[in-house]
Peer 1: 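Here it is: the structure, laid out below.
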Amino acid sequence: MENLAIARVFEEIADLLEIKGENPFKIRAYRNASETIAHATEQLSRCTEAQLRAISGIGKELAAKIREFAETGEIRYHRDLLEQFPPTILDLLHLQGVGPKTVALLYGQAGISTLDELEAACRDGRLRELKGMGKKKEELILKALAERKQRTGRHLMPDAAEAAGLLLEYLHAQCPEVNFSVVGSLRRGVDTTGDIDILATGVDPRVMPAFTSYKLVDRILGQGDTKSSVLLWGGFQADLRLVPEQSRGAALQYFTGSKAHNILLRDRANLRGFKLNEYGLFRLDTGVATAGQREEDIYEQLGLASIPPELREGRGEIEAAERGELPGLISLDDIRGDIHAHTTATDGREDIETMALAARDAGLSYLAITDHSKALAMANGLDEHRAIEHARRVREIGSRLDGITLLAGIECDIKPDGTMDLADDCLAELDVVVASIHSAFNQEAAQMTDRVLRAVANPYVDIMGHPTGRLLLKREPYKVDVPALVDAAAAAGVALEINCQVDRLDLCDTHAKLARDKGVKIVISTDSHAKGGFRLMKWGVTVARRAWLSAEDVLNTRTVEGFKAGLRRNVKRSSD
DNA sequence: GCCGTTTTCGGCCCGACTGTTTTCAGTCG
């Protein structure tokens, strides 16, 4: 959480420097560092200056500022900048279509520093008096102001994927000769996304009109021969780019991003005497294209193995590709079991047998039934007696079903003091125990971390469920020290869950990668509360791919015997 | 403000669309 605070301060510094018209490369340095810090897995406030400077993009000045923040809780440079402008000025900068130059003009020439003042200036015609401002610009700003009031901005990846799928289906029907692909953050599998990026390749004059006249278009933001943007109902922005078929690979590469990955790749191209853009890879000396049609050719020409889209985040994938050390990523087909599901015994919608058959239909060969424990009274959680009885029924039903093996488990609450909600002798009777937090989310970091570490220390805890408790776009993760949890899990042989509920996706990609790097096993589970829930497995697998995981890193890719043998309770027993 | 296979100075990714500009600046991705 402290990293995020530092990242936010650097971002604000960058914004303010931009309004001041400072050196753009200095501004970029702050933005790059902000991005790096936001995704760092180690707690930067605990790093020495030398450790900080070892991070790419952090030099003498920025390392000193991070140290300053760690020691004093603020950065003087940031405060000085804020004193030069009203803090509300940053709201203006974040409006669609308003950039730093416009903000500087608004503030410097008209004294406008809040959204309300800006709206008033538009309405009474004062905006048009400013240089470079006209009627259109005024309308644009009024629309952006209105949208800001209703638009949430980002969306869950699966929601965006669904909207993108419908749009693609429509476009393909309109222009069957043209190739359409989803690119951008959606192709990389990022957990939330701000817009839908579509690439079209081929020649067909109907592409752009078809796109802008799609029935779900709320309004058109921009329209040209090769690039258009629209706002869809529901708040999705969709962008379409059209390039010739011979540039398909280069355009796929370019528009998939991420920005950080592309900057590194272009840098590499330049060093090797090439220019890389969305049309192809060109020799700098002759201008001749040496790649463009196929995406993998771009990477090959630059001396790299093909990098899967999920890894293209500028987090070491280029170096790994150069050394031929990219992992063979897990895929949905590798998953054999699901280790987290609920039934009508607690807050699920289906009975044991229905869930078992649905799991089998979804292609799984084993399923752990893990209903809630008694602390979750609202969900009719199981006490020791009911848990044992429920386990007996799960095993009984499992014994007469073909094609699916049932495991009797529990999702046991971790109480606020770190003890488990059910007695050890009850947990010992079960096949698998998932331990989760569903209460007292607001504990301070030290207490929350201690609570989680106590749970890991319980010999009957096999898996930590949704370990950070975040709800995407809704609730921040609770203040658990994830690196400490990872170290403890590694030492104890406890697995960490990637929960597939689309608003959880918890662990997130960077934490799951940290766990993998430390040798912690991962379990990918749907947390299904109804028979349709097993379809969510693919989203957890996407997170796992973004975390560089291969099938060997994930326990539930094993056969049921292999899975059970990998559980902490069984591993420990043999080594004790 | 960062960084270095030619560099401790002089670079730093590149192109499309819009609006107000009569030749281009601002914004976005």
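Quick note: numbers below take in every heavy atom, side chains included, and nothing from hydrogens, waters or symmetry partners. In the text below, chain A, chain B and the rest are named by the order of the sequence lines, each starting its count at 1.
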Peer 1: For Asp80(A), enumerate each residue passing the side-chain hydrogen bond (donor to acceptor under 3.5 Å, both in side chains) test, keeping only those at least two apart in sequence or located in another chain.
Peer 2: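 Not a single residue meets the side-chain hydrogen bond (donor to acceptor under 3.5 Å, both in side chains) criterion with Asp80(A).
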
Peer 1: Using a cut-off of 4.0 Å on non-hydrogen atoms, how would the nucleic acid contact of Phe255(A) be classed: base, sugar-phosphate, or nothing?
Peer 2: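 Here Phe255(A) touches no strand at all.
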
Peer 1: Apply side-chain hydrogen bond (donor to acceptor under 3.5 Å, both in side chains) to Arg283(A) and list each qualifying residue two or more places apart in sequence or on a separate chain.
Peer 2: Asp285(A)

Peer 1: Quick one: salt bridge (Lys or Arg N to Asp or Glu O under 4.0 Å) pairs with a partner in residues 232-255 of chain A, sequence neighbours left out?
Peer 2: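 Every salt bridge (Lys or Arg N to Asp or Glu O under 4.0 Å) pair that includes a residue of residues 232-255 of chain A, provided the two are not neighbours, is Arg241(A)-Glu278(A).
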
Peer 1: Please figure out whether Gly59(A) or Thr226(A) has its closest DNA chain B nucleotide nearer the 5' end.
Peer 2: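 With Thr226(A) and Gly59(A) compared, the 5'-side residue is Gly59(A).
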
Peer 1: For Pro100(A), report the nucleic acid contact type (base, sugar-phosphate, nothing); a contact means any heavy atom under 4.0 Å.
Peer 2: sugar-phosphate

Peer 1: At a heavy-atom distance below 4.0 Å, which nucleotide of DNA chain B is the first touched by chain A, and which is the last?
Peer 2: dG1(B) to dG29(B)

Peer 1: Does the Arg312(A) side chain pair with the main chain of Ile307(A), one donor and one acceptor, at a distance under 3.5 Å?
Peer 2: yes

Peer 1: Base, sugar-phosphate, or nothing for Arg241(A), non-hydrogen atoms under 4.0 angstrom?
Peer 2: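 Touches sugar-phosphate only.
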
Peer 1: Can you work out whether Gly134(A) or Gly99(A) has the more 5'-proximal nearest nucleotide on DNA chain B?
Peer 2: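 This one resolves to Gly134(A).
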
Peer 1: Could you pull out all residues at least two apart from Arg8(A) that satisfy side-chain hydrogen bond (donor to acceptor under 3.5 Å, both in side chains)?
Peer 2: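 Scan of Arg8(A) (side-chain hydrogen bond (donor to acceptor under 3.5 Å, both in side chains), adjacent residues dropped) gives none.
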
Peer 1: Write down the distance separating the P atoms in dC24(B) and dC13(B), rounded off to the nearest Å.
Peer 2: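 So the two P atoms sit 24 Å from each other.
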
Peer 1: Could you measure between the two C1' atoms, the one in dC12(B) and the one in dT22(B), and give it in whole Å?
Peer 2: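 It works out to 33 Å between them.
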
Peer 1: Which part of the nucleic acid, if any, lies within reach of Ile27(A) when heavy atoms closer than 4.0 Å are counted: base, sugar-phosphate only, or nothing?
Peer 2: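 The answer is nothing, as Ile27(A) stays clear of every strand by at least 4.0 Å.
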
Peer 1: Residues in side-chain hydrogen bond (donor to acceptor under 3.5 Å, both in side chains) with Asn179(A), at least two apart?
Peer 2: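 Listed in chain order: nothing, the list is empty.
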
Peer 1: Look at all strands and tell whether Lys65(A) reaches a base, only sugar-phosphate, or nothing, counting heavy atoms closer than 4.0 Å.
Peer 2: sugar-phosphate

Peer 1: Categorize Leu242(A) for me: base, sugar-phosphate, or nothing, with a 4.0 angstrom heavy-atom threshold over every strand shown.
Peer 2: nothing

Peer 1: Are side-chain N/O atoms of Ser550(A) and Asp553(A) paired as donor and acceptor at under 3.5 Å?
Peer 2: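 Per modelled atom types, Ser550(A) and Asp553(A) side chains form a pair under 3.5 Å.
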
Peer 1: Measure from the side-chain N and O atoms of Ser258(A) to the backbone N and O of His261(A), and report whether any donor-acceptor pair falls under 3.5 Å.
Peer 2: yes

Peer 1: Counting any heavy atom closer than 4.0 Å, what does Asp267(A) reach on the DNA or RNA strands: base, sugar-phosphate only, or nothing?
Peer 2: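 Contact class for Asp267(A): none.
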
Peer 1: If you measure from the C1' atom in dG11(B) to the same atom in dT6(B), how many Å do you get, rounded?
Peer 2: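 It works out to 13 Å between them.
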
Peer 1: Give me the distance, rounded to whole Å, that separates dT20(B) from dG26(B) when you measure between the C1' atoms they each carry.
Peer 2: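 Approximately 11 Å lies between the C1' atom of dT20(B) and that of dG26(B).
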
Peer 1: Taking the same atom, C1', in dA16(B) and in dG10(B), what whole-Å distance lies between them?
Peer 2: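 To the nearest whole Å, 29 Å.
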
Peer 1: Pick the P atom in dT23(B) and in dC17(B), then give their distance to the nearest Å.
Peer 2: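 Looking at atom P only, dT23(B) and dC17(B) are 22 Å apart.
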
Peer 1: Work out how far the C1' atom of dT21(B) is from that of dT27(B), and round it to whole angstrom.
Peer 2: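 Here dT21(B) and dT27(B) have their C1' atoms 16 Å from each other.
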
Peer 1: With a 4.0 Å cut-off on heavy atoms, is Ser228(A) in touch with a base, just the backbone sugar-phosphate, or nothing at all?
Peer 2: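 Result for Ser228(A) = nothing.
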
Peer 1: Name the pairing partner of dT8(B), where a pair is Watson-Crick or G-U wobble with both distances under 3.5 Å, or state none.
Peer 2: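 Partner of dT8(B): none found under 3.5 Å.
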
